[in-house]
Amino acid sequence: MDEQTGGAAEASSAIAGTKDKLEELCVNTIRFLAIDGVEKAKSGHPGAPMGMADMAFVLWTDFLRHDPKQPSWQDRDRFVLSAGHASMLLYSLLHLTGYPEMTMEQLQSFRQWGSKTAGHPEYGDAPGIEATTGPLGQGFANGVGMGIASKMLAARFNTDDAFKPVQNWIYVICSDGDLEEGISSEAASLAGHLGLGNLIYLYDDNDVTLDGDKRLSMSEDVKKRFEAAHWHVQKIDGHDRDAVRKAIRKAQKVTDKPSMIMAKTVIGFGSPKFHGTSRAHGEPLGPEEAAATKVALGWPAEPAFYVPDEVRSEFARKVKRLARARKQWDTGMAEWRARNPQLAAEWDACWSHSLPEGFELQLADAGKTDKPIATRELSNQVIQKIGDIAPFVVGGAADLASSTKTNFKNGGSIERLKDDVNDPPPFDLFKGKNLHFGIREHAMGAALNGITLYGPFRVHGSTFLIFSDYMRPAIRLAALMQIPSIFVYTHDSVFLGEDGPTHQSVEQLFSLRLIPNMTLFRPADGVETGMAWAWAIGNKHEGPTIIVLTRQKVDIIPHGADFDPHQIWRGAYVLDGYADGDFTFIATGSEVTLAVRTAELLRDEGIRARVVSAPSLDIFDRQPEDYQNEVLGDRSRIVAIEAGRSSGWYKYVNHDALIIGIDRFGASAPLADIEKHFGFTPEAVAERVRGWR
């Protein structure tokens, strides 16, 4: 140990009161990498990493089963930094534990163009980042989703065999801000209800938010709150590393409840002026205070981003020990495969999301019907077929499965037993495919993302389209991460009728279409519905899929004998029998039925119209311009029909085209009255076309 390093260790030891000088040196290395990264970027959040460093060090070097050489190891423990503003904490840990892509150059490029070290952790930027976090509470709920996925996987593959393929933990570090966001209450309630004993959360309880002391906005008893939600709760000193170790070990022994470790910490630990204050939260310490903090903790002023050799060696030693778990798992898994060849094949099919050849045509056939029927009902037909051919697909609803029709009829239900309501669902029930998210749309969306991120499952969650607004942060993050979460929405327009404008969506369709990396389907019939589902479970495009369905019945759309359902995957296509005319109807969902009926009405008058069904404008936008022009024809001779805001259609048509939409809120009335008063009958549309032509 050189003199410079020895001085740092001695001073650090004195401040923290620890007997282990090398350990304190490691912790301070984390702190100062974070401080220096924020200082160099001239923006960021140094205080939280400074306060969290002790417990993060313990977690990452004594408990977290991970291997930087195999970062996608299936049974690794998952770590989610829900307090994403503390991103330099995660980047420092990834660097020190040896993740090859998290180089020193990346730490020095914090928040800069093209770096892997964004202001908040971004999934996909570098191995070891398990989720995009930043919007507070989302990571908290992602962790719950990961816990659900892990338990479902364990129920399927952990048998009486001595080797258990699924043994991992889900660790989350969360903050005051995470707990103040309502999504955390929803997610915590769900986790406690399901008895997710594989969750261990460390709460950075530092009593400070951005605007000042936590007392400005929060005074609840967090311990009682989580105990009421059926969590196991401990309170510790977050700077006492031995206490952190004991708390995590104790939490691991509680297998029927999620665990919350309330770790009291000091934000900006070590800063002479800013420790324990909001000033350390959301901006650099500044050159003078950063230098003063180094003096206070006995750290060398130069060089910046200093990592003592002893620290590198200690991290390497600890990570090597933790990585043995991966090698042991590999050995055990190979032997397990030999003993359980059928289960091993199912394991591989689950993780690879294996689908039979021509699966999409099977789903298109499953959606067919010989009578008018709502697309939510057609979707249910398709879902049953998915249950037969894709065992890795699971899903649920926000207490609305009876309306959204998203249950697998023979899929089993993960629920508390009627005769044992005070206990979580029995482990064996986690083999089920049907999840009950309860009236928790916000948490449902983020939990879906967590289940998806975990790996082996494709998962859907459903509610009414109007309540997609409750889920928008999770939808946006799924799109940002480009992960294949599936969001199913029914009751898609004003045509749901009597429930009235509070439940009738008018702005949601184009609002959701604005989100990049996302594919929204509004199918018009069973074949389109089947192909929408095939797109979603087959991951045909990076990013989430939204499937929007009707409550009202729709007619059978005319498809010729030679119709290729793959045309649906071009986003918009001309219907058979309606390829010629002097203008074009383009419509989505139930309004395709209206366009066909109107075209027939006008045909009787000698007016011929083309009819285009556009189940996915998002996919249509990705098509070559020649195809778009072929489908749309003369953009001044288009009538666009959709029961929602009209303005978005001007992307596809000229301003002298006719757009029939709804640019006001709905009304409470029977379906027939809604159609009549909003002008969505064949007669009303035909009259507008006559006047427009």
Side-chain angles (χ1 to χ4, degrees), residues 16 18 23 27 30 48-66 77-84 86 89-90 93 130-131 133 136-137 139-144 146-147 150 168-181 184-185 187-192 194-208 214 218 220-267 269 322 450:
T18 180
E23 189 171 281
V27 171
I30 297 170
M50 295 164 71
M52 295 177 186
D54 290 290
M55 59 181 173
F57 169 78
V58 170
L59 175 61
W60 273 68
T61 58
D62 284 357
F63 294 95
L64 191 71
R65 295 162 60 252
H66 66 118
D77 291 340
R78 271 61 167 183
F79 171 75
V80 177
L81 182 65
S82 188
L89 174 74
L90 176 57
L93 290 164
E130 299 279 7
T133 57
L136 290 169
F140 187 106
N142 292 160
V144 172
M146 291 178 183
S150 180
N168 55 17
W169 298 92
I170 314 300
Y171 294 102
V172 176
I173 287 183
C174 59
S175 64
D176 290 310
D178 290 294
L179 299 194
E180 287 193 23
E181 291 287 357
S184 68
S185 292
S189 175
L190 179 62
L194 294 176
L196 300 180
N198 53 1
L199 301 182
I200 298 178
Y201 281 42
L202 293 98
Y203 165 33
D204 180 36
D205 184 11
N206 62 33
D207 293 321
V208 171
K214 185 176 70 176
M218 182 177 176
E220 68 193 55
D221 189 322
V222 172
K223 184 173 186 291
K224 290 181 179 177
R225 167 183 163 186
F226 278 86
E227 286 174 341
H230 308 294
W231 285 57
H232 172 254
V233 185
Q234 303 174 70
K235 298 180 77 169
I236 64 168
D237 176 353
H239 298 296
D240 184 338
R241 292 185 290 278
D242 285 337
V244 175
R245 291 184 179 95
K246 291 176 183 177
I248 294 176
R249 291 191 191 103
K250 189 173 182 179
Q252 289 179 335
K253 294 177 182 178
V254 180
T255 59
D256 61 343
K257 293 181 178 181
S259 286
M260 171 64 74
I261 299 171
M262 299 178 61
K264 184 62 69 177
T265 62
V266 177
I267 193 170
F269 180 91
L322 287 169

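Since we're looking at a predicted model, the values are computed, not measured.
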Which residues share a side-chain contact (heavy atoms from CB on, under 4.5 Å) with [X], sequence neighbours left out:
{"X": "Asp240", "answer": "Asp237, Asp242, Ala243"}
{"X": "Leu322", "answer": "His66"}
{"X": "Glu181", "answer": "Leu136, Ile183"}

Working to the nearest 0.5 angstrom, can you tell me the gap between [X] [atom1] and [Y] [atom2]?
{"X": "Arg225", "Y": "Glu220", "atom1": "CZ", "atom2": "CD", "value": "4.5 Å"}
{"X": "Lys246", "Y": "Ile261", "atom1": "NZ", "atom2": "CD1", "value": "13.5 Å"}
{"X": "Gln234", "Y": "Ile200", "atom1": "CD", "atom2": "CD1", "value": "9.0 Å"}
{"X": "Glu130", "Y": "Asp77", "atom1": "CD", "atom2": "CG", "value": "9.5 Å"}
{"X": "Met262", "Y": "Lys235", "atom1": "CE", "atom2": "NZ", "value": "4.5 Å"}
{"X": "Leu89", "Y": "Ile173", "atom1": "CG", "atom2": "CD1", "value": "5.5 Å"}

Item checked: Test log, rule side-chain contact (heavy atoms from CB on, under 4.5 Å), inputs Asn206 and Asp176 -> CA-CA 8 Å; Asn206 62 33; Asp176 290 310; 3.2 Å; yes
Can you tell if the side chain of [X] reaches within under 4.5 Å of the side chain of [Y], non-hydrogen atoms only?
{"X": "Tyr201", "Y": "Val144", "result": "yes"}
{"X": "Asn198", "Y": "Asn168", "result": "no"}
{"X": "Leu202", "Y": "Leu59", "result": "yes"}
{"X": "Leu93", "Y": "Ile30", "result": "yes"}
{"X": "Arg241", "Y": "Asp62", "result": "no"}
{"X": "Asp204", "Y": "Met55", "result": "yes"}
{"X": "Trp169", "Y": "Leu64", "result": "no"}
{"X": "Phe79", "Y": "Leu90", "result": "yes"}

Check: Does NZ belonging to Lys250 count more than 12 external heavy atoms closer than 6.0 Å?
Finding: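 Counting other residues, nucleotides and ligands, NZ of Lys250 stays at 12 neighbours or fewer.
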Margin query: Strictly distance-based, threshold 3.5 Å: is any side-chain N or O of Asp256 a donor or acceptor partner for the main-chain N or O of Gly195?
Written below: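 Side chain of Asp256 to backbone of Gly195, a donor-acceptor pair under 3.5 Å: no, none is there.
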Next item on the list: Test side-chain contact (heavy atoms from CB on, under 4.5 Å) on Met50 and Ile267 and set out the steps.
Entry: CA-CA 7 Å; Met50 295 164 71; Ile267 193 170; over 6 Å; no
Margin query: Is the ring pair Phe226/Phe140 parallel, tilted or perpendicular, if the boundaries are 30 and 60 degrees?
Written below: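 The rings of Phe226 and Phe140 sit tilted, inter-plane angle from 30° to 60°.
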Checklist line | Electrostatic pair Asp205-Lys214, nearest N-O below 4.0 angstrom | finding: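 Here Asp205 pairs with Lys214 in a salt bridge, since their nearest N and O are under 4.0 Å apart.
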